[in-house]
Student: 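What follows is a structure written as structure tokens; I'll ask about it next.
For clarity, every value in this text was computed on a predicted model and none was experimentally measured. The sequence lines fix the lettering, A, B, ..., with proteins before strands; numbering per chain opens at 1.
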Number of protein chains: 2
Amino acid sequence: MSAAPQFTGWQAIQAEVLRRIHAREWPPGQTIPGEVALAQEFGCARATVNRALQALAEAGVLERRRKAGTRVALHPVSKATVTIPLIRQEIEERGAAYGYRLLRRQEGTHAMLTGPALHVTALHFADDTPFVLEARHISLSVIPQARNETFHEISANEWLLRNASYTSGDITFSAQAASAEVAQHLGAETGAPIFVMDRMTWDGEAAITAVRLSYVPGYRIRTVIGGS
Amino acid sequence: MSAAPQFTGWQAIQAEVLRRIHAREWPPGQTIPGEVALAQEFGCARATVNRALQALAEAGVLERRRKAGTRVALHPVSKATVTIPLIRQEIEERGAAYGYRLLRRQEGTHAMLTGPALHVTALHFADDTPFVLEARHISLSVIPQARNETFHEISANEWLLRNASYTSGDITFSAQAASAEVAQHLGAETGAPIFVMDRMTWDGEAAITAVRLSYVPGYRIRTVIGGS
DNA sequence: TAGTGGTCTAGACCACCTG
DNA sequence: AGGTGGTCTAGACCACTAG
């Protein structure tokens, strides 16, 4: 917990800058010395200072503008990075055995997808206990080879990772009351609070897939932040 | 939607590398040419290539190891960055008028905090409609000046931003059934699915505050990802 | 042990923006 | 208009690690 990282190079500068911010030597909103000045103080090249400050700016700790200089962020915008793992990985990382069962597979259409769509519903298990219900729609005009896959042995979740790539995506998290169907599959009571993740992915302008993951009651997603 | 960004410098290299990955010229798992080779191909300095590849590695698109080289990530780890704004900001960005009301303020203790703690419960409104219930515990041994604040006019959410800094934090998202009290405050029915965010922040080893935000039914958190 | 990425340097030019 | 950060360069040394 208290190991001394003993930073060197640009990370040492980053650490020192962070120290001064936390120590209120450079209070929020204040303009800190320019890169040249800091480079001179730390006895290094300006590029090294730049590297350190740029990383802090990306983290939201600093705000940098040309000519205006670098200021300590007034509202240290908390950015939490949520890692979205493969469902199989997530289950196995919990030390549980992964299980999978296809519930339904049929062609149809979907409001967010152009042309025909493949609808796949499946359950993912952790140690034989339902963990998450996957309800997915795959665009058959964009990913026609999905027609040849039964999704009986491999989940659409994993199959798509191997057979499709995306350029952008959109995720929303919400709490939903379990419908009768969802409740039944997850072994919960109808109306139970369900953590839901809706994902939409695109390849350029083409919508590839839309998926809703309904997690078993009690599920929680966790993340860590470092701030100022 | 289709504006031509016309990248230059290291961003152009980044774009080209991404293009080759998406075009499957460099399939997942494959080792791509070394920095020197790419620098020669693109006619730039190695540092410029390094900048581009390093950014992609940080985004999870590439995996880099010394001596082994740079490989296209097999599982493009989806990292979604969730921005945690000030509650006031979040409400105002929705075009609603922000409102605040303190519900309770009392001293006590808290399992996660050492020493005495201040317990503050408050409601945040969007256009006179309850938006989120804030139940917070503040460590009085770490932030003693909280004793002098009534939290009648300013929320603990904002007050802490001005009066405390943190070095690390921990956030969990979950879906919870509304308790009778929560339901009453949010104007929901008991048992309704509530999106809950639990946050814990630390300054070094000292726990500063623990807060639970219970959002009004229908609330959703949204984020965008760019991937491979 | 040799090859790869990680980092630093000293200098330079440029884009941007505030005063 | 001038100062600030953003970026590039050419070269160098080092740390790590795969073979």
Side-chain angles (χ1 to χ4, degrees), chain A residues 3-18 20-21 26-74 76-77 228, chain B residues 3-18 20-21 26-74 76-77 228:
Chain A
Q6 197 76 345
F7 287 119
T8 59
W10 68 269
Q11 301 197 24
I13 296 180
Q14 187 183 42
E16 170 63 12
V17 170
L18 273 179
R20 294 185 185 182
I21 292 174
W26 291 340
Q30 182 161 118
T31 301
I32 75 173
E35 294 188 350
V36 275
L38 289 176
Q40 191 167 11
E41 178 190 344
F42 293 129
C44 66
R46 181 169 82 94
T48 307
V49 174
N50 184 286
R51 181 93 162 85
L53 298 188
Q54 201 141 13
L56 289 175
E58 219 168 301
V61 177
L62 296 177
E63 290 174 0
R64 321 192 71 195
R65 287 214 305 274
R66 290 168 155 111
K67 170 66 179 181
T70 300
R71 306 195 317 157
V72 180
L74 219 39
V77 184
S228 80
Chain B
Q6 197 73 347
F7 289 120
T8 59
W10 69 269
Q11 300 197 24
I13 297 179
Q14 187 182 40
E16 171 62 13
V17 171
L18 273 179
R20 294 184 185 183
I21 293 176
W26 292 341
Q30 183 162 115
T31 301
I32 75 174
E35 294 189 350
V36 274
L38 289 176
Q40 192 167 10
E41 178 191 345
F42 293 131
C44 67
R46 183 170 79 95
T48 308
V49 174
N50 183 286
R51 181 90 162 85
L53 298 188
Q54 199 142 14
L56 289 175
E58 219 166 302
V61 177
L62 297 176
E63 289 174 0
R64 322 193 72 195
R65 287 216 306 275
R66 289 165 153 117
K67 168 72 179 177
T70 301
R71 306 196 316 156
V72 180
L74 220 38
V77 184
S228 78

Student: Kindly state each residue pair satisfying side chain to side chain donor-acceptor pair (under 3.5 Å) with at least one member in residues 38-49 of chain A, sequence neighbours excluded.
Tutor: A/R20-A/E41, A/E35-A/R46

Student: Give the rounded distance in Å between these two atoms: NZ of B/K67 and C1' of C/dG3.
Tutor: 4 Å

Student: Nearest heavy atom decides the nucleotide; on that basis, is B/R66 or A/T48 closer to the 5' end of DNA chain C?
Tutor: B/R66

Student: To the nearest 0.5 angstrom, please state how far the CZ atom of A/R51 sits from the CD atom of A/Q11.
Tutor: 8.0 Å

Student: Report the residues that fulfil side-chain contact (heavy atoms from CB on, under 4.5 Å) with B/R71, sequence neighbours left out, ordered by chain and then residue number.
Tutor: B/T31, B/E63

Student: To the nearest 0.5 Å, tell me how far B/T8 OG1 sits from B/I13 CD1.
Tutor: 10.5 Å

Student: Please work out which residues in residues 27-46 of chain A have a non-hydrogen atom less than 4.0 Å from an atom of DNA chain D and list them by number.
Tutor: A/G34, A/E35, A/R46

Student: First and last nucleotide of DNA chain D in contact with chain B, 5' to 3', at under 4.0 Å to a heavy atom: what are they?
Tutor: D/dT7 to D/dA18

Student: Tell me: CZ of B/R71 to P of C/dG5, nearest whole Å?
Tutor: 13 Å

Student: Go through the structure and list residues passing side-chain contact (heavy atoms from CB on, under 4.5 Å) with B/P27, not counting sequence neighbours.
Tutor: B/Q30

Student: For DNA chain D, produce a single dot-bracket line, 5' to 3'. Pairs: Watson-Crick or G-U wobble, both distances under 3.5 Å. Symbols: ( ) within strand, [ ] crossing, | other strand, . unpaired.
Tutor: ||||||||||||||||||.

Student: Closest heavy-atom contact between A/P28 and A/A73?
Tutor: CB-O, 3.9 Å

Student: Expressed in angstrom and rounded to an integer, what is the separation of A/R65 atom CZ from C/dC17 atom P?
Tutor: 8 Å

Student: Taking all non-hydrogen atoms of both residues into account, name the closest pair between A/A52 and A/W10 and its distance.
Tutor: CB-O, 3.5 Å

Student: Less than 4.5 Å apart, side chain to side chain, heavy atoms only: is that true for A/L62 and A/I21?
Tutor: yes

Student: Below 4.5 Å, heavy atoms only, C-beta onward: do B/L38 and B/L53 meet side chain to side chain?
Tutor: yes

Student: Quick one: are A/N50 and A/R64 in side-chain contact, heavy atoms under 4.5 Å?
Tutor: yes

Student: Within the 4.0 Å heavy-atom criterion, would you say A/A68 contacts the bases, only the backbone, or no part of the nucleic acid?
Tutor: sugar-phosphate

